[in-house]
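Letters A, B, ... are given to chains in the order of the sequence lines, protein chains preceding strands, and every chain is numbered from 1. Only this structure's heavy atoms are used, side chains among them; waters, hydrogens and symmetry mates stay out.
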2 protein chains.
Amino acid sequence: MEVSPPRHLKARKQPRQARSASTIDAIFEATIQVLIAEGTHRLTTTRVAERAGVSVGTMYQYFPHKQSLLYALNERYLDRLAERVEMTCRTHHGRPTGEMVEALIAAYWEAKTERSDVTRALYSSAVELDNEALIDAFAKRMDAATRAMLLSAPNARYEDIDLVNLTLLSVIFGTVRNVFERNLPSSDQQAICEELKRMCLAYLAMAGGEVFPPIQAT
Amino acid sequence: MEVSPPRHLKARKQPRQARSASTIDAIFEATIQVLIAEGTHRLTTTRVAERAGVSVGTMYQYFPHKQSLLYALNERYLDRLAERVEMTCRTHHGRPTGEMVEALIAAYWEAKTERSDVTRALYSSAVELDNEALIDAFAKRMDAATRAMLLSAPNARYEDIDLVNLTLLSVIFGTVRNVFERNLPSSDQQAICEELKRMCLAYLAMAGGEVFPPIQAT
DNA sequence: ACCTGAACACCGTTCAAGT
DNA sequence: ACCTGAACACCGTTCAAGT
């Protein structure tokens with residue numbers, strides 16, 4: 001499902017030529033680099049334009065405000081993230097619940113961790129932003145993907161799959177973010193990730209998912 | 001344990017007279033009001049000073065930068081939050097693990113929820129900030145309080161109390177924040193809160209806490 | 001001793017002038 | 001048609017001038 005962004009945050013024009021597309025990519029890339037190198041409060045339109053090799057005026061042809069640039073950047077990021085998680089969900093259809101949870105957490109965790117500087121930069125850039133629509137769209141996609149996956153498990157009997165699913169996602173997303181925010185040593189991060197899996201498993205087992213693979217009847 | 005803030009974020013002078021103290025309170029109050037009414041990107045020193053009834057120059061006597069104002073504001077907030085949670089932990093020493101978890105989550109949740117506009121405003125203000133020291137100090141206090149509480153439960157036998165405790169807090173804090181960020185309807189929020197308790201209970205039971213009260217020997 | 005607010009540097013955004 | 005960058009309004013911060 002596509003959720004349209006608030007009108008004032010829309011990009012001014014769609015790139016129709018290869019040149020435009022590459023300009024936009026350069027601007028995105030420059031934004032991330034400035035964010036990582038200088039931090040949110042030093043992220044200026046001039047600096048981004050300079051590093052992207054265009055003038056401010058050109059940037060404003062594509063993004064009517066600084067906010068719309070950050071909006072688009074986060075949109076692109078969340079879109080890719082959603083695709084990865086959806087893929088994981090699809091490939092675990094019909095598997096035992098335990099495997100699902102493990103794979104789901106691992107996929108989300110890895111997507112966030114493999115470029116932790118980018119993740120951190122985007123977390124911080126998103127806050128200056130009216131990003132409710134983005135979060136909503138992302139949440140809806142994730143919800144649909146994990147819901148379908150969980151229900152496809154053998155012998156899944158959830159009393160309230162929507163609540164269980166909502167809770168599961170809130171806990172996973174929230175915990176991952178919290179771990180990033182505290183900047184714990186990598187070994188602690190790994191350990192928490194494993195504990196998070198155990199916790200979610202315990203929860204799902206209690207809520208009606210069959211965690212271990214069914215014994216095959218012969 | 002007191003963690004000293006980065007030097008450059010320190011308030012310039014401590015209030016020594018009643019007048020100064022009330023000026024500072026007025027500035028804090030004005031900051032929160034502007035944050036709630038206008039949002040992070042319209043939070044300007046001029047606006048805060050105006051609403052607080054002082055000149056910019058005076059504000060800069062107490063807070064050497066805008067950042068130090070936000071830092072102090074968050075410090076004050078986290079300090080009060082920590083005190084409340086510590087209190088909850090103290091009053092549940094020796095109780096069964098189940099009651100502890102329920103009380104801990106309820107206390108944290110309520111502290112965040114009773115003024116959700118303030119909570120949201122502070123979440124957003126904290127991000128422009130180099131707040132690692134704050135988060136760290138808060139985390140350490142929470143860690144100590146909940147650790148002592150959990151160990152005081154009857155028949156608590158944790159294999160790795162530090163990891164369990166760290167995980168528990170990461171999950172609770174992270175989930176609460178995620179729920180705030182998504183701005184879900186209040187009924188969903190309540191439901192997730194209950195599910196979160198159940199999940200943490202299941203986890204602690206598995207990790208070595210005795211969740212239900214011991215049967216009294218007669 | 002403390003307060004004020006005009007002044008300065010910098011940032012987001014625009015638009016007349018270029019190609 | 002598209003790009004440029006000086007110009008404008010606004011914001012963080014300072015400091016000479018007031019009390």
Gap between atoms [atom1] and [atom2], on [X] and [N] respectively (whole Å):
X: Y60(B); N: dG5(C); atom1: OH; atom2: P; value: 16 Å
X: R42(B); N: dC10(D); atom1: CZ; atom2: P; value: 10 Å
X: M59(A); N: dG5(D); atom1: CE; atom2: P; value: 15 Å
X: Q61(A); N: dC3(D); atom1: CD; atom2: P; value: 5 Å
X: E50(A); N: dT4(D); atom1: CD; atom2: P; value: 13 Å
X: I27(B); N: dG12(D); atom1: CD1; atom2: P; value: 14 Å
X: L70(A); N: dG12(C); atom1: CG; atom2: P; value: 10 Å
X: L43(B); N: dC11(C); atom1: CG; atom2: C1'; value: 17 Å

- request: Check whether any side-chain nitrogen or oxygen of T46(B) sits under 4.0 Å from OP1 or OP2 of dC10(D), and answer yes or no.
  value: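 For dC10(D), neither OP1 nor OP2 has a side-chain N or O of T46(B) closer than 4.0 Å.
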
message: At less than 4.0 Å, is any side-chain N or O atom of T45(B) found next to OP1 or OP2 of dC11(D)? Yes or no.
response: no

- prompt: So what's the dot-bracket for DNA chain D: Watson-Crick or G-U pairs under 3.5 Å, [ ] if a pair crosses, | if it pairs off-strand?
  reply: ||.|||||...|||||.||

Closest to side chain of [X], choosing from [options]:
X: K66(B); options: dG5(C), dG12(D), dT13(C); result: dG12(D)
X: S55(A); options: dG5(C), dC3(D), dG12(D); result: dC3(D)
X: T58(A); options: dC3(D), dC3(C), dT13(D); result: dC3(D)

message: Can you confirm if the NZ or CZ of R198(A) lies within 45° of the ring axis of Y203(B) and under 6.0 Å from the centre of its six-membered ring?
response: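 No, R198(A) and Y203(B) do not form such a contact.
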
message: Applying a 4.0 Å non-hydrogen cut-off, can you work out what R47(B) is touching in the nucleic acid: base, sugar-phosphate, or nothing?
response: sugar-phosphate

message: Please confirm whether the ring centroid of F138(B) lies under 6.0 Å from the ring centroid of Y77(B).
response: no

- request: Before accepting this row, confirm whether a basic side-chain N of the pair R76(A)/E29(A) lies closer than 4.0 Å to the acidic partner's carboxylate O.
  value: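 No, this pair does not count.
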
message: Set out, in order, the CA-CA distance, both residues' side-chain angles and the distance that settles salt bridge (charged side-chain N to carboxylate O under 4.0 Å, His left out) for E194(B) and K197(B), then state yes or no.
response: CA-CA 5 Å; E194(B) 291 310 312; K197(B) 287 177 187 169; 3.5 Å; yes

- request: Start with the C-alpha distance between F28(B) and Y62(B), add both sets of side-chain angles, then the distance that settles ring-ring contact (aromatic ring centres under 6.0 Å, His included), and finish with yes or no.
  value: CA-CA 11 Å; F28(B) 281 149; Y62(B) 297 106; over 10 Å; no

task: Check for a donor-acceptor pair, side chain of N74(A) on one end and backbone N or O of L70(A) on the other, with a separation under 3.5 Å.
output: yes

- prompt: Under the 3.5 angstrom rule, does the side chain of T175(B) hit a backbone N or O of I172(B) as a donor-acceptor pair?
  reply: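 Checking the backbone N and O of I172(B) against the side chain of T175(B), no donor-acceptor pair under 3.5 Å is found.
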
dG5(C) to dC10(D) separation - C1' atoms, rounded to the nearest Å: 16 Å

field: Nearest-nucleotide 5' precedence on DNA chain C, G57(A) against T44(A)
entry: T44(A)

